[in-house]
Amino acid sequence: MSTRRRLLLVLPTLAGLIVLVFSFLHLVPGDPVEIMLGEGAAPADLDAMRATLGLDRPPPEQFVHFVAGLLRGDLGQSIAFRAPVSHLIASRYPATLELGGAALLLAVVFAVPLGVLAATHRGGAIDVAARALGLLGICLPTLWLGPVLVLVFSMQLGWLPISGRGGLAHLVLPAVSLAAGMMGILVRLTRASVLAVLHEGYVLAARARGAPPWLVTWRHIVRTALLPIVTVVGLQAGALLAGAVVTETIFAWPGVGRLLVQAIGARDYPLVQGCVLAIGVTYVAINLATDVLLARLDARLRDAA
């Protein structure tokens, strides 16, 4: 499948995402305006808020207005912050990318080599330790791990700042907290993928020719085992966005995830819609990039294209 065709197939996904985000406000039980202003709000205030949000129009007209705003880059006006939603998201988006990129890099750099070592030393101490660390990373929820890291490394040892965004020190704890689950998955997956190709004929032939062990491992074994690893990295990179909501809240990291929680707490429905849409579009873009990268790595997919 060509890159152009992949891009075309993304369009229905984005259209479905837009429909779901638009329907969010209409699927909320009760009157969203009464929820925002409270049951004791005056009827005139309720009518004014409905007019501001465009909820006094028929749903088809609201949807057309919503899509037209998206095409212009207009996501509406935030009620709580009294600022354009697109501006608020744009100001917080770099922080989320920084945290997610750091967590992804941390997980890949540590988990993939550890999984390879565990497979090549199967049954040894490294293998046992790697599997234990992988299981621990999968089992520890971010909601628990984040406060524990703060308690140990910030409050007791005083090595790292508790919260906020600043230098590299501020990034360490939230990145580790967010990357832990992904590291556990990647360690176990890398180990299984390497074990699956460890005794293939071309690997044994390379060893028989006298190739150095490190060359056999990284050129012949890891390259073949790379495809499932890249697939899971792409899927988990999208899942990091969901984990970022919890992590950014725990560490007061000024990203889109924390902005979403603040918008929910303030019942700021336009901002909630904008944040959900931004996260959804990012997830789709990551999956598309993963699909394209797999096509570049796998000659069979290139031949099919």
When you compare the side chain of [Y] with that of [X], does any pair of heavy atoms fall below 4.5 Å?
| X | Y | value |
| --- | --- | --- |
| Val233 | Met182 | yes |
| Ile79 | Leu271 | no |
| Val19 | Phe63 | yes |
| Ser177 | Ile250 | no |
| Leu149 | Leu145 | yes |
| Ile229 | Val112 | yes |

Mark yes or no for whether [X], through its side chain, and [Y], through its backbone, hold a donor-acceptor pair below 3.5 Å.
| X | Y | value |
| --- | --- | --- |
| Asp268 | Ser78 | no |
| Thr290 | Ile286 | yes |
| Thr120 | Leu117 | yes |

Same hydrophobic cluster for [X] and [Y], using side-chain heavy-atom links shorter than 4.5 Å among ILVMFWY?
| X | Y | answer |
| --- | --- | --- |
| Val64 | Val67 | no |
| Phe22 | Val85 | yes |
| Val128 | Leu195 | no |
| Leu140 | Ile185 | no |
| Ile138 | Leu136 | no |

Got a second to check how far [X]'s [atom1] is from [Y]'s [atom2], nearest 0.5 Å?
| X | Y | atom1 | atom2 | value |
| --- | --- | --- | --- | --- |
| Met183 | Leu133 | CE | CG | 8.0 Å |
| Ile89 | Cys275 | CD1 | SG | 4.5 Å |
| Leu71 | Phe66 | CG | CZ | 10.5 Å |
| Leu70 | Ile18 | CG | CD1 | 5.5 Å |
| Tyr93 | Thr282 | OH | OG1 | 2.5 Å |
| Thr142 | Leu240 | OG1 | CG | 9.5 Å |

If you draw a 6.0 Å radius around CG in Leu135, do more than 12 non-hydrogen atoms from other residues or ligands fall strictly inside?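 Counting other residues, nucleotides and ligands, CG of Leu135 exceeds 12 neighbours.
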Neighbour count >12 (heavy atoms, 6.0 Å) for atom CZ, Phe110: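 For Phe110, atom CZ is not crowded (no more than 12 foreign heavy atoms under 6.0 Å).
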Any pair counted as salt bridge (Lys or Arg N to Asp or Glu O under 4.0 Å), so long as it reaches [range], sequence neighbours left out:
| range | value |
| --- | --- |
| residues 167-179 | none |
| residues 180-194 | Asp127-Arg191 |
| residues 160-180 | Glu98-Arg165 |

Could you name each residue pair satisfying side chain to side chain donor-acceptor pair (under 3.5 Å) that touches residues 236-252, not counting sequence neighbours?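 Those involving residues 236-252 are Thr96-Glu248.
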Side-chain donor-acceptor pairs under 3.5 Å in residues 252-264, sequence neighbours left out?
{"unit_1": "Trp253", "atom_1": "NE1", "unit_2": "Ala95", "atom_2": "O", "d": "2.8"}
{"unit_1": "Gln262", "atom_1": "OE1", "unit_2": "Arg92", "atom_2": "NH2", "d": "3.3"}

May I have the step-by-step check of side-chain contact (heavy atoms from CB on, under 4.5 Å) for Val281 and Leu277, ending in yes or no? CA-CA 6 Å; Val281 170; Leu277 184 62; 4.2 Å; yes
Let me have the donor-acceptor pairs involving side chains of residues 152-164, under 3.5 Å, with sequence neighbours excluded, atom names and distances please.
{"unit_1": "Ser154", "atom_1": "OG", "unit_2": "Leu160", "atom_2": "O", "d": "2.9"}
{"unit_1": "Ser154", "atom_1": "OG", "unit_2": "Pro161", "atom_2": "O", "d": "3.3"}

